[in-house]
Asker: 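If you scroll down you'll find the structure; I have some questions about it.
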Amino acid sequence: MNVNDLRATGRRLLAELRGMRSSGDLKTPIGTGAGGDKTYAIDRKAEEIIISSLESLREPLTIISEEAGIIELGGGGKRVIIDPVDGSRNAISGIPFYCASIAVADGDTIGDIGLSFVINLISGDEFWAEKGGGAFLNEERIHTSRDEEFYLVAYEAQSPGRDIERILPLLAKSRKTRCLGATALDMAYLASGAVSVFVSPSPSRSFDFAGGLLLVKEAGGIVTDTEGGDIGGTALGLKRSSPLLAAGNEPLHRRAAALLSGR
């Protein structure tokens, strides 16, 4: 499997999901995914497209997906971590900010991810990264912000009453803040330099951030837990595992971690 295989999958997603944006049934849940969230028709369709594309590669793979759970193809092999529609709530509400996220790992932990792909399902922008090979937006190499100012801090608030209070010291120091609702896409735009810092104070699941993590690292950024701890040993799976703090560079990350810890 290589990045061209993932980009081909992305093109299928764009073509086949486009008509669903106007579906009257989009807001009706059709079940519950393996990750515990409600499943909508757009989630199911996106997952079917991705899995069928992976099946066509005829490689031994172990799929870890938000909706279907764990699926072994050809007896299992490399881990493929999928969030078919990251930002499902945006998608069903008509808010044009959501993506599909795919990461490929040679082992069982976040640190084993060697290939990632995130596609904006509205604009068609493709972000991808290979370990040691850099990060890209469409055909252009991208880099995180080199500036040390908190120009734009993006965040995820799974439980607003608790989460926003915890990150308020960081938000108060930023020039602008955004809660956009799609973690992998937030991290992709951080990798491109558009976002200074991204924080998610509640534990996230690996498929929420697996695609974005390698993008940030290969673009020159830093990703840890909110206390600055290494998350490379975090197991790939369906359970909530780690809060996130991603920053464009070391000074930004150090200042953000200090603000979050009250230092």
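Nothing here was measured: the structure is a model prediction, and the numbers come from that model.
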Asker: Cation over ring, Arg178 on Tyr155, under 6.0 Å and within 45°?
Answerer: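 Judged by the rule (NZ or CZ under 6.0 Å from the ring centre, within 45° of its axis), Arg178 is not positioned above Tyr155.
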Asker: Side chains of Asp163 and Ser202: is there a donor and an acceptor less than 3.5 Å apart?
Answerer: yes
Asker: So, do Leu137 and Glu126 sit near enough that their side-chain heavy atoms are less than 4.5 Å apart?
Answerer: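 Leu137 does not reach Glu126 side chain to side chain.
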Asker: Determine whether more than 12 heavy atoms belonging to other residues, nucleotides or ligands lie under 6.0 Å from atom CZ of Arg89.
Answerer: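 No - once you tally the heavy atoms of other residues, nucleotides and ligands closer than 6.0 Å, there are 12 at most.
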Asker: Can you see which heavy atom on Leu252 is nearest to which on Glu149, and at what distance?
Answerer: CD2-O, 3.6 Å
Asker: Starting at CD1 of Ile63, measure out to CD1 of Ile51 and round the result to the nearest 0.5 Å.
Answerer: 5.0 Å
Asker: Any donor-acceptor pair under 3.5 Å linking the side chain of Ser123 with the backbone of Asp125?
Answerer: yes
Asker: Measuring only between side-chain heavy atoms, which start at C-beta, is Leu236 closer than 4.5 Å to Asp108?
Answerer: no
Asker: Measuring from atom CG of Leu215 to atom CZ of Phe117, what distance do you get when rounded to the nearest 0.5 angstrom?
Answerer: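 Reported value, rounded in 0.5 Å steps: 10.0 Å.
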Asker: Under 4.0 Å between a Lys/Arg side-chain N and an Asp/Glu carboxylate O for Glu48 and Arg44?
Answerer: no
Asker: Counting distance only, does the side-chain N/O of Ser116 pair as donor-acceptor with the main-chain N or O of Gly211 below 3.5 Å?
Answerer: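 Flag set: sc Ser116 to bb Gly211 pair under 3.5 Å.
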Asker: Kindly give the heavy-atom pair with the smallest separation between Ile110 and Leu213, and that separation in Å.
Answerer: CG2-CD1, 3.5 Å
Asker: Run the side-chain hydrogen bond (donor to acceptor under 3.5 Å, both in side chains) test on Arg205 and Ser241 for me, step by step, so that the C-alpha distance in whole Å, both residues' side-chain angles and the decisive distance to 0.1 Å come before the verdict.
Answerer: CA-CA 6 Å; Arg205 297 159 298 195; Ser241 55; over 6 Å; no
Asker: What is the minimum heavy-atom distance between Gly220 and Thr144, and which atoms define it?
Answerer: C-OG1, 3.5 Å
Asker: One thing to verify: whether Arg7 and Glu139 come together as a salt bridge, which I'm taking to mean a side-chain N less than 4.0 angstrom from a carboxylate O.
Answerer: yes
Asker: If you compare all heavy atoms of Ile71 against all heavy atoms of Ala68, which two are closest, and at what distance to 0.1 Å?
Answerer: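 Closest pair (atom of Ile71, atom of Ala68, distance): CD1-CB, 3.7 Å.
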Asker: Where is the tightest heavy-atom contact between Leu115 and Met1, given as atom of each residue plus distance?
Answerer: CD2-O, 4.4 Å
Asker: Between atom CD of Glu72 and atom OG1 of Thr62, what is the distance when rounded to the nearest 0.5 Å?
Answerer: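 Output value for this atom pair is 4.5 Å.
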Asker: Side chains of Ser52 and Arg12: is there a donor and an acceptor less than 3.5 Å apart?
Answerer: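 Distance-only check passes for Ser52 and Arg12.
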Asker: For the backbone of Pro243 and the side chain of Thr226, can you confirm whether one donor and one acceptor N or O come within less than 3.5 Å of each other?
Answerer: no
Asker: Around atom NZ of Lys78, are there more than 12 heavy atoms from other residues, nucleotides or ligands closer than 6.0 Å?
Answerer: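 Not buried by this count: 12 neighbours or fewer within 6.0 Å.
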Asker: Verify whether the ring centers belonging to Trp128 and Phe136 lie closer than 6.0 Å.
Answerer: yes
Asker: With hydrophobic residues grouped by side-chain heavy-atom distances under 4.5 Å, do Ile122 and Ile95 end up in a single group?
Answerer: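 In one cluster: no.
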Asker: Would you call Asp112 and Arg79 a salt bridge, using N to O less than 4.0 angstrom?
Answerer: no
Asker: Taking a hydrophobic cluster as the set of Ile, Leu, Val, Met, Phe, Trp and Tyr residues connected by side-chain heavy atoms closer than 4.5 Å, whether directly or through intermediates, do Leu260 and Tyr151 fall within one such cluster?
Answerer: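 As far as the 4.5 Å side-chain criterion goes, Tyr151 and Leu260 are not connected within one cluster.
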Asker: Salt bridge or not for Glu218 and Lys131, using N-O below 4.0 Å?
Answerer: no
Asker: Could you measure the distance from the CD1 atom of Ile164 to the CG atom of Leu171? Nearest 0.5 Å is fine.
Answerer: 7.5 Å
Asker: Could you give me the CA-CA distance, side-chain angles and deciding distance for Phe198 and Glu156, then say whether side chain to side chain contact (heavy atoms under 4.5 Å, CB included) is met?
Answerer: CA-CA 8 Å; Phe198 171 74; Glu156 180 65 28; 4.0 Å; yes
Asker: Looking at Glu148, is its backbone amide N or carbonyl O close enough to the side chain of Arg255 to form a donor-acceptor pair, meaning the two atoms are under 3.5 Å apart?
Answerer: yes
Asker: Strictly under 6.0 Å, is that where the ring centroids of Tyr189 and Phe127 end up?
Answerer: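 Yes, they do, as the ring centres are separated by less than 6.0 Å.
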Asker: Identify whether Ile222 and Leu190 are in the same connected component of the hydrophobic contact network (ILVMFWY, side-chain heavy atoms under 4.5 Å).
Answerer: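 Not linked; separate clusters.
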Asker: I'd like to know whether Ile42 forms a side chain to side chain contact (heavy atoms under 4.5 Å, CB included) with Leu17, so could you lay out the CA-CA distance, the side-chain angles of the two residues, the decisive distance to 0.1 Å, and finally the verdict.
Answerer: CA-CA 7 Å; Ile42 193 169; Leu17 296 181; 4.2 Å; yes
Asker: Gln158 vs Ser200, test: side chain to side chain contact (heavy atoms under 4.5 Å, CB included). Steps then yes/no.
Answerer: CA-CA 8 Å; Gln158 297 175 29; Ser200 181; 4.0 Å; yes
Asker: If you take all heavy atoms of Ser204 and Phe209, which pair is closest and at what distance?
Answerer: CB-CD2, 3.8 Å
Asker: Apply side-chain hydrogen bond (donor to acceptor under 3.5 Å, both in side chains) to the pair Ser88 and Asp43, showing each step before the final yes or no.
Answerer: CA-CA 7 Å; Ser88 295; Asp43 299 308; 2.5 Å; yes
Asker: Are any of the side-chain heavy atoms of Leu54 and Leu73 separated by less than 4.5 Å?
Answerer: yes
Asker: Indicate yes or no for a side-chain donor-acceptor contact from Asn249 to the backbone of Asp147 under 3.5 Å, with no hydrogens or angles considered.
Answerer: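 Confirmed, Asn249 side chain pairs with Asp147 backbone.
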Asker: Please report the interatomic distance CD1(Ile231) to CG(Leu244), rounded to the nearest 0.5 Å.
Answerer: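 Going from the CD1 atom of Ile231 to the CG atom of Leu244 covers 5.5 Å.
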Asker: Does Gly248 offer a backbone N or O that forms a donor-acceptor pair with the side chain of Arg146 under 3.5 Å?
Answerer: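 Between the backbone of Gly248 and the side chain of Arg146 there is a qualifying donor-acceptor contact (under 3.5 Å).
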Asker: Could you check if a side-chain atom of Ile64 sits within less than 4.5 angstrom of a side-chain atom of Val80, using non-hydrogen atoms only?
Answerer: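 Heavy-atom side-chain distance check fails, nothing below 4.5 Å.
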Asker: If I take atom CG from residue Asp225 and atom OG1 from residue Thr234, how far apart are they, to the nearest 0.5 angstrom?
Answerer: 8.0 Å
Asker: Does the side chain of Asp86 come within less than 4.5 Å of Cys99's, by heavy atoms?
Answerer: yes
Asker: Are the side chains of Val223 and Met187 in contact, using a 4.5 Å heavy-atom criterion?
Answerer: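 Of all side-chain heavy-atom pairs linking Val223 with Met187, at least one is under 4.5 Å.
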Asker: Taking it one step at a time, do Phe97 and Leu185 satisfy side chain to side chain contact (heavy atoms under 4.5 Å, CB included)?
Answerer: CA-CA 8 Å; Phe97 191 88; Leu185 204 48; 3.7 Å; yes
